[in-house]
There are 2 protein chains.
Amino acid sequence: MERVTATYYIETPYEVTAAAEVLAGEQSSGTFVEVPNETQELKQRFAARVESTEFLETVNTPAIPGANSRSGQYHRAIVKVSWSIENFGFNLPVLISTLQGNLYEITQFTGLKLMDVDIPDSFANHYRGPKFGIEGCRSLTGVPSERPLIGTIIKPSIGMSPEVTAELVKTLVEAGIDFIKDDELMGSSANSPFDQRVDAIMKVINDHADKTGKKVMYAFNISDEMDAMQAHYDKIVSAEGTCAMISINSVGMAGVKKICDRGELSIHAHRNGWGMMNRHPLLGIDFSAYQKFWRLAGVDQLHVNGIQNKFWESDDSVVKSIQACLQPMLGGYQVLPVVSSGQWGGQAPETYRRTKTTDLLYMAGGGIMAHPSGPAGGVVALQQAWLAAVDGHSVEEATKIYSEFAQSVQKFGTKA
Amino acid sequence: MERVTATYYIETPYEVTAAAEVLAGEQSSGTFVEVPNETQELKQRFAARVESTEFLETVNTPAIPGANSRSGQYHRAIVKVSWSIENFGFNLPVLISTLQGNLYEITQFTGLKLMDVDIPDSFANHYRGPKFGIEGCRSLTGVPSERPLIGTIIKPSIGMSPEVTAELVKTLVEAGIDFIKDDELMGSSANSPFDQRVDAIMKVINDHADKTGKKVMYAFNISDEMDAMQAHYDKIVSAEGTCAMISINSVGMAGVKKICDRGELSIHAHRNGWGMMNRHPLLGIDFSAYQKFWRLAGVDQLHVNGIQNKFWESDDSVVKSIQACLQPMLGGYQVLPVVSSGQWGGQAPETYRRTKTTDLLYMAGGGIMAHPSGPAGGVVALQQAWLAAVDGHSVEEATKIYSEFAQSVQKFGTKA
């Protein structure tokens with residue numbers, strides 16, 4: 001029988017192997033006394049199994065409070081635990097409860113992070129995964145594989161009317177942008193009801209497509225309760241849009257999966273709230289595991305932050321996230337990494353140098369909107385930044401070749 | 001215009017007020033440069049507002065990595081920030097993204113926890129809240145207000161066939177239990193397909209109700225993808241069950257709300273995964289805020305751990321959680337606190353002494369199943385424990401009055 005194997009980074013005041021056995025026990029049997037009916041045969045079939053433990057180091061201060069060591073020592077290790085797929089079948093919420101449930105509360109641990117998960121082949125028969133993925137998003141926007149999709153976010157995040165937003169969209173599409181998105185704070189506000197926003201924006205995008213053949217992808221934020229999300233989705237489809245955005249952590253797995261299953265629109269997955277699950281090195285879930293759950297659910301685009309971002313995340317971590325998204329899963333399940341946060345083009349050479357890929361949706365907010373030559377100059381500057389990056393040029397070399405990019409460096413360069 | 005006010009516990013290497021302004025800015029406007037279209041009028045209407053900052057202390061080590069202080073000092077404070085309800089309307093996922101979104105990733109913070117949220121009155125017109133609540137769950141089970149509902153969990157968590165499970169349910173209902181639940185690891189396993197489990201168990205429960213008039217509440221774990229949850233829900237309704245259980249963190253807000261909206265079954269909300277969001281004192285979300293979101297969604301029963309639990313959580317924290325659930329919200333929205341984890345009755349006197357309430361679902365797993373006189377003795381012992389608790393008796397006094405409870409003390413007393 002196939003098994004799902006999870007890799008955890010743990011810290012424990014107990015002996016590492018004993019702590020790992022507690023984890024396996026809690027997540028497959030789980031009570032503090034022996035009970036009737038738990039036969040050996042049953043244990044053999046359904047019990048979680050500790051596959052390996054790799055000791056790393058011993059420290060003197062616990063990473064997280066809630067358990068004390070009599071010796072004052074806390075041991076860190078990588079442990080692998082596996083479950084038979086018979087335990088949960090094909091049910092992502094129960095899989096998540098098994099891999100990430102009560103175990104964060106166990107006193108045997110003063111730190112626990114789900115680092116990765118191996119998904120067995122049979123999942124490919126039950127989860128379609130991303131309907132569009134990298135190739136589908138390129139095809140919808142007509143962007144060739146030589147460069148990333150260039151995108152931007154409507155700012156201010158909230159407060160603009162549909163008409164003012166559509167005016168800005170008009171400027172951006174005429175400047176040659178590939179992708180635009182709502183902010184995650186913008187759902188259906190008093191000042192910008194969802195349907196009116198879709199109508200105003202899609203008129204601009206469709207008119208431009210009719211004239212030029214280029215259809216800009218706009219990710220409307222449909223995040224809401226279930227019926228409202230479905231209605232928002234319908235509205236985008238009927239207005240001939242190509243993308244919906246969901247705040248995946250706020251909406252949750254069941255809701256996101258249900259929307260992805262429709263398959264008429266590409267799904268832009270915003271991971272806001274992610275810092276709560278990941279910022280502590282010894283608590284929560286690593287992006288390597290996280291992105292697999294959402295690829296199974298079927299999102300087509302997934303946020304990864306960017307090089308030299310304005311948030312806490314290190315460049316190494318961002319590079320690792322991009323690589324995780326591009327690693328084939330079950331032989332496919334492509335998801336397009338969305339690079340964002342404080343991006344303005346100056347990070348393109350370093351992003352390319354470290355990832356050697358153009359399969360990105362490269363997002364700049366202020367970096368486009370506040371460009372000295374206006375949004376049109378901002379879009380051109382980003383395209384130039386990526387031409388330079390792929391040609392192996394440094395930021396400084398690129399400024400000598402491209403004037404709009406040189407303007408970006410002058411305005412935003414000190415922020416990086 | 002009404003406002004939603006959130007209280008955060010923050011730690012920052014910056015001046016506290018400046019950091020609070022960054023939070024408010026990121027969560028309502030949010031880019032690193034001034035952009036066109038952001039007029040003063042628009043800012044006035046949609047910008048988040050720092051309502052107050054209360055400095056607490058300065059420490060020398062950051063709670064969470066990712067930002068450095070040049071001075072080596074990190075300031076802790078309570079800050080209150082408010083948003084106009086115009087920003088999100090009545091949309092729980094967007095409200096959550098606003099209150100808990102990107103702000104965990106901001107470098108201005110080396111710690112951030114959402115402690116509480118004030119929900120304005122108009123929410124009462126848009127959210128029905130718990131359909132059954134405390135009174136409804138008492139009415140469905142016929143348990144008078146003098147004592148808590150006594151419940152148990154089927155163990156082993158996973159692996160028993162529907163027939164063996166139904167046998168155990170028969171023993172428990174005959175012993176006088178009020179409530180039984182699936183484990184959160186048990187969805188629809190190879191060995192216990194959901195529909196077969198419902199049929200086998202509801203036959204026992206319905207037969208017992210026909211004979212005695214007492215209908216035991218069984219919380220079947222419907223956690224799954226959306227359509228499967230709906231089908232599971234239908235199955236319970238058609239088998240005349242009264243409750244469905246959902247792992248709320250694994251399923252997510254949109255899915256849980258959609259199920260709660262049906263209102264035919266009481267909803268048992270399991271919070272597994274909660275440790276990831278709460279175990280660190282300066283990261284995530286406090287239960288006071290968490291439980292409000294789920295009451296709005298409409299869950300009827302919500303886990304709070306228990307006194308002297310087997311997990312990391314302190315008794316003080318558990319007491320605060322019980323009190324939070326019992327505090328009326330918008331004039332009602334009752335939710336029944338589910339006390340569990342390592343409970344066997346010995347904690348009843350202390351639980352009552354500290355909370356002065358019997359409005360609880362008091363759950364014991366091994367404490368019932370492994371009682372020396374069998375499950376029937378375990379149920380009786382728990383009822384005795386609560387009689388004693390309400391009468392103001394200590395554990396020791398209670399052992400002199402009640403023999404089954406005395407057996408519990410002998411077997412489980414050293415575990416407490």
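Nothing here was measured: the structure is a model prediction, and the numbers come from that model. The sequence lines fix the lettering, A, B, ..., with proteins before strands; numbering per chain opens at 1.
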message: Using only atom types and a distance under 3.5 Å, with no angle test, would you say the side chain of A:K155 pairs donor to acceptor with the backbone of A:D183?
response: no
- prompt: Would you find a donor on one side and an acceptor on the other, under 3.5 Å apart, between the side chain of A:N221 and the backbone of A:M186?
  reply: yes
task: Sort out for me which of A:S314, A:G255, A:A254 touches chain B most, counting heavy-atom pairs under 4.5 Å.
output: A:A254
message: I want to check something: taking the side chain as every heavy atom from C-beta on, are A:K257 and B:M226 in contact at a cut-off of under 4.5 Å?
response: no
message: Does any backbone or side-chain atom of A:I285 lie under 4.5 Å from a heavy atom of chain B? Answer side chain, backbone, both or neither.
response: both
field: B:N191 versus chain A, the contacting section by heavy-atom distance below 4.5 Å
entry: both
task: Please determine, among B:V256, B:T110, B:V251, B:L99, the option with the most heavy-atom pairs under 4.5 Å with chain A.
output: B:V251
N/O donor-acceptor pair under 3.5 Å between B:Q230 side chain and B:A228 backbone: no
field: Interatomic spacing from OG in A:S408 to NE2 in A:H371 - rounded to 0.5 Å
entry: 3.5 Å
- prompt: By a 4.5 Å heavy-atom criterion (distance strictly below it), what part of B:L283 contacts chain A: side chain, backbone, both, or neither?
  reply: side chain
- line: For residues 86-109 of chain A, the salt bridge (charged side-chain N to carboxylate O under 4.0 Å, His left out) pairs (sequence neighbours left out) are A:R45-A:E86
task: Check each atom of A:L92 against the heavy atoms of chain B and say whether the ones under 4.5 Å are side chain, backbone, both or neither.
output: both
task: Under 4.5 Å heavy-atom distance to chain B, tell me which part of A:F90 shows up: side chain, backbone, both or neither.
output: backbone
field: Greatest number of heavy atom pairs closer than 4.5 Å to chain A - which of B:R279, B:Q108, B:K258
entry: B:R279
- prompt: Based on non-hydrogen pairs under 4.5 Å, which of A:A63, A:S189, A:S97, A:G374 is most in contact with chain B?
  reply: A:S97
query: In terms of heavy-atom pairs under 4.5 Å with chain A, which of B:G284, B:P375, B:A190 leads?
result: B:A190
Heavy-atom closest pair, residues B:Y290 and B:N249: OH-OD1, 2.8 Å
field: Interface residue of largest heavy-atom contact number with chain A, from B:A297, B:A47, B:P65, under 4.5 Å
entry: B:P65
- prompt: Taking every heavy-atom pair that is under 4.5 Å apart, which of B:L185, B:T107, B:I96 has the most such pairs with chain A?
  reply: B:L185
- request: Count the heavy-atom pairs under 4.5 Å between each of A:L95, A:I248, A:I64 and chain B, then report the option with the highest count.
  value: A:I64
task: For each of B:T98, B:I246, B:N102, B:V94, tally heavy-atom pairs with chain A at distances under 4.5 Å, and name the one with the top tally.
output: B:N102
query: Who passes salt bridge (charged side-chain N to carboxylate O under 4.0 Å, His left out) against A:R128, sequence neighbours left out?
result: none
- prompt: What part of A:N309 lies closer than 4.5 angstrom to a heavy atom of chain B: side chain, backbone, both or neither?
  reply: neither
- line: NZ (B:K310) and CD (B:Q343) are apart, to the nearest 0.5 Å, by 11.0 Å
